[in-house]
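The structure under discussion appears below in the form of structure tokens.
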Number of protein chains: 2
Amino acid sequence: MDRSVGIREVAEAARVSVGTVSNVLNKPDRVSQATLDRVLGVMDGLGFVRNGLARQLRMGTGTTLGMIVLNVANPFFADLAHACEAAGERVGQTVVLGSSDQLEAREDRYLDLFEEQRVRGMLVAPIDGITPRMRQLRARGMPLVLFDIHGDPGFCSITLDGRAGGAMVARHLIETGRRHIAFLGGPRHQVEDRWLGAQDVCAGNQGVRLSHVDTRDQTIAEGRAAGAVIEAMAKSERPDAVFAANDLLALGLLQALVLSEDIRVPEDIAVVGYDDIDYAQSAVVPLSTVRQSTELLAERAIELVLAESNDPEHEHQQLRLPPELMVRDSSAPR
Amino acid sequence: MDRSVGIREVAEAARVSVGTVSNVLNKPDRVSQATLDRVLGVMDGLGFVRNGLARQLRMGTGTTLGMIVLNVANPFFADLAHACEAAGERVGQTVVLGSSDQLEAREDRYLDLFEEQRVRGMLVAPIDGITPRMRQLRARGMPLVLFDIHGDPGFCSITLDGRAGGAMVARHLIETGRRHIAFLGGPRHQVEDRWLGAQDVCAGNQGVRLSHVDTRDQTIAEGRAAGAVIEAMAKSERPDAVFAANDLLALGLLQALVLSEDIRVPEDIAVVGYDDIDYAQSAVVPLSTVRQSTELLAERAIELVLAESNDPEHEHQQLRLPPELMVRDSSAPR
DNA sequence: TAGCCTACTTGAAACGTTTCATCTTTCATA
DNA sequence: TATGAAAGATGAAACGTTTCAAGTAGGCTA
């Protein structure tokens, strides 16, 4: 098969002009049925594939969105990317994905690449806030929506409301009769919003005690260690509920508690996590947790980036989405 | 800032020809230091960004590879995609990712999109084998490497050797003194290679018994159910090792066994999984498993696709990579 | 029959690069 | 003082599309 069969070769073979072939591709209704059929037939026969690069070059704007996440291998971002792809498809955009791997150099590389490829817009989960490179992009008119960064009026952004999530959990625990909630997680600044949310609610409830158990990071191992600490407490000192800053911590804690002889979940201690990772509902005791709907997040992000692309004068929006509480066995009422 | 600042605007402002500007970009050594500096300065001042589309259109070949996976949200593919991105970067290629979501329509959509965008080559994990569309792509000269499909001489492909993995596990269990191995997993055809590998080894070892416990699918819940079945067996009938077809099954089984009073892991029953998912090493008893190195897989896949791209007459290769056994506590010798 | 509308079709000009055959300048050498 | 080579700079052509003003038939109306 000849290497380059373009619109011109098709035109020649079908004995029409290139303009007509182009019309077949883009405005079939302006072409007579006879020519349409003939041209389509020739395309098939020659194995014509339209060159998207040339097309986009000429048209000035394409149909591709660039997305940069911290790490595709992180389930949350994998889900988010997936959801964005799906949401993009629904409105005829194709999302291509890059993973910055938490390296500034790679973040910049993808920003450059996408700008050179003239993507229609970008969705970015920044490694470390808004960089000068991003401001420059905006200044040049590139539509840009940020994840998990809040408040800068020069950008569209979209965040999950951790404070609201923390409040939800605390409210749920109190309503199901718990009186001493231990918040499990650290380092402090990484989990602050969830902690504050819990505090908001507990402060307003007489007779409810909220304590804080710090961790170095948020892994299963740390959760298990915390479990040992709680087990070693005098019964009277033990909390009757633990709100873990993420699911991994909660799962580790669960492992430790379930193996202990004298603590039952949820009867003696309720456990709630955060993130709703896949394994949460398959845990020994299915884990109550807070779900951050990636579908909704994605939908809104795509909306925002397209709005920005369609109207350069568009007013930036900072969205903050509420999460959703998933109640499972680990925090069932006694 | 003016909307379109191209090579021409730069040339004008720097009082040189467009050819020279292009040389500054592509062959800086053919330009005198003075002009180089001046042009670079102007580019910076004007905020010039080279148009990758036009460049690629003119050059005929780009630096982008298309990759299609079954589902980005699946940790294995997320890892694989991640590894491919990294491997691609090392050789100056950018990998863009699409997720077929197990839908033929989306698989086709990405194949079309990538072909229109004139990617340099594609890496595809096919939903359901080699489709006519893929043969057509190959026939038109598109470099194409398939994951997890074996044997078709018309394509480059790269597979993980499940039979070798199964054999490894069986050998390991026998060498550490186990005599009755239960293979846990189904439906049969999805796990056949691992089963056959185990069989190969057991058949050659006198006094070793291999039985099969079927499951409907490969989830934690199924694993837990299987645990209950084993617990209910008479002690004399119980296996002293379980080889689970994947980690989820193994984790579920582990949950069930650990909670039971009279079975200890690994003393009474050793458990080995398959895949080495993240949670495997954080399980209550860290899980022995078989690791499929995505790094290696990715490296080879990129090599293959580039080889095919550089030499159209290239001989297709069908690679089969051996997995790696990760021994952890769950199969420690007694 | 002239005039006009409709329905298609045409071909050249862009889009922003890279490439390459030429041209210009400079400078060392015979 | 020629001669030639080396180094740098030039500008038109090409890449494969879309767009659009202009052209051609054919048929309908008056």
Contact nearer the 5' end of DNA chain D, comparing B:R58 with B:V31: B:V31
Short side-chain donor-acceptor distance under 3.5 Å, A:D152 and A:H316: no
D:dA9 OP1/OP2 closer than 4.0 Å to side-chain N/O of B:T20: no
Basic-acidic side-chain contact under 4.0 Å: B:E115, B:R140: yes
Salt bridge present between A:R133 and A:D108 (N-O < 4.0 angstrom): no
Between A:E308 and A:H314, a side-chain donor and acceptor under 3.5 Å: yes
Touch class at under 4.0 angstrom, heavy-atom based, for B:S32 against every strand present: sugar-phosphate
Covered region of DNA chain C, 5' end to 3' end, by chain A [heavy atoms, under 4.0 Å]: C:dC8 to C:dG16
Atom-to-atom span, CG of B:L36 to C1' of D:dA7 - whole angstrom: 15 Å
Spacing between B:R15 atom CZ and D:dG11 atom P, to the nearest angstrom: 13 Å
Check: B:R120/B:Q93 side-chain N/O donor and acceptor closer than 3.5 Å: yes
Touch class at under 4.0 angstrom, heavy-atom based, for A:G6 against every strand present: sugar-phosphate
Residue whose closest nucleotide on DNA chain C lies nearer the 5' end, A:R118 versus A:T35: A:T35
Separation of atom CG in A:N26 from atom P in D:dT19, rounded to whole Å: 7 Å
Atom CD of A:Q136 with >12 non-hydrogen neighbours under 6.0 angstrom: yes
Comparing B:G19 and A:F48 on DNA chain D - which has the more 5′ nearest nucleotide: B:G19
Rounded distance in Å - CG (B:N23) to P (D:dA7): 15 Å
